[in-house]
Amino acid sequence: MITLEELAQALMSLIRLGCVCRFIYTMIRLSGADEEAAKYKKRARNVVLFYILAESIWQVKEIILFYYR
């Protein structure tokens with residue numbers, strides 16, 4: 001049976017994969033669109049910020065669970 005921890009691991013894997021794919025996509029679009037460069041730079045920055053936030057939340061969760069076990 002799938003546990004809650006396995007579901008959380010799967011969700012983090014999907015978030016990581018999604019961020020990598022989105023970042024690569026925005027970099028490819030950035031290289032081809034000179035007039036829309038600012039828009040794609042902002043999107044790439046937002047992807048990086050989302051990834052940092054998601055990893056931070058994940059680590060805080062792990063610290064809290066470690067503390068109370």
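Note that these values count all heavy atoms, side chains included, but never hydrogens, waters or copies made by symmetry. Owing to the predicted nature of the structure, the values given are computational and were not obtained by experimental measurement.
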Is there side-chain contact between Leu7 and Thr3, with at least one heavy-atom pair below 4.5 Å? no
When rounded to the nearest 0.5 angstrom, what is the spacing between CE in Met12 and CD1 in Ile57? 9.0 Å
Could you measure the distance from the CG atom of Leu53 to the CD1 atom of Ile15? Nearest 0.5 Å is fine. 9.5 Å
Residues passing the side chain to side chain donor-acceptor pair (under 3.5 Å) test with Glu55, sequence neighbours excluded, are Arg16, Tyr51
Go through the structure and list residues passing side chain to side chain contact (heavy atoms under 4.5 Å, CB included) with Ile64, not counting sequence neighbours. Val60, Tyr68
Sort and list the pairs that fulfil side-chain hydrogen bond (donor to acceptor under 3.5 Å, both in side chains) and have at least one residue in residues 34-47, not counting sequence neighbours. Arg29-Tyr40
Sorted by first residue and then second, give each side-chain hydrogen bond (donor to acceptor under 3.5 Å, both in side chains) pair with at least one member in residues 58-67; sequence neighbours left out. none
Can you hop from Tyr25 to Val48 via hydrophobic side chains spaced under 4.5 Å? no
Count I, L, V, M, F, W, Y as connected when their side-chain heavy atoms are under 4.5 Å apart, and connections chain through other members. Are Met27 and Val47 then in the same cluster? yes
Connected to Ile28, directly or through other members, by ILVMFWY side-chain contacts below 4.5 Å are Val20, Ile24
So, for Leu30 and Ala37, which heavy atoms are closest and what is the spacing to 0.1 Å? CD1-O, 3.3 Å
With salt bridge (Lys or Arg N to Asp or Glu O under 4.0 Å) as the rule and sequence neighbours excluded, what pairs involving residues 18-27 come up? none
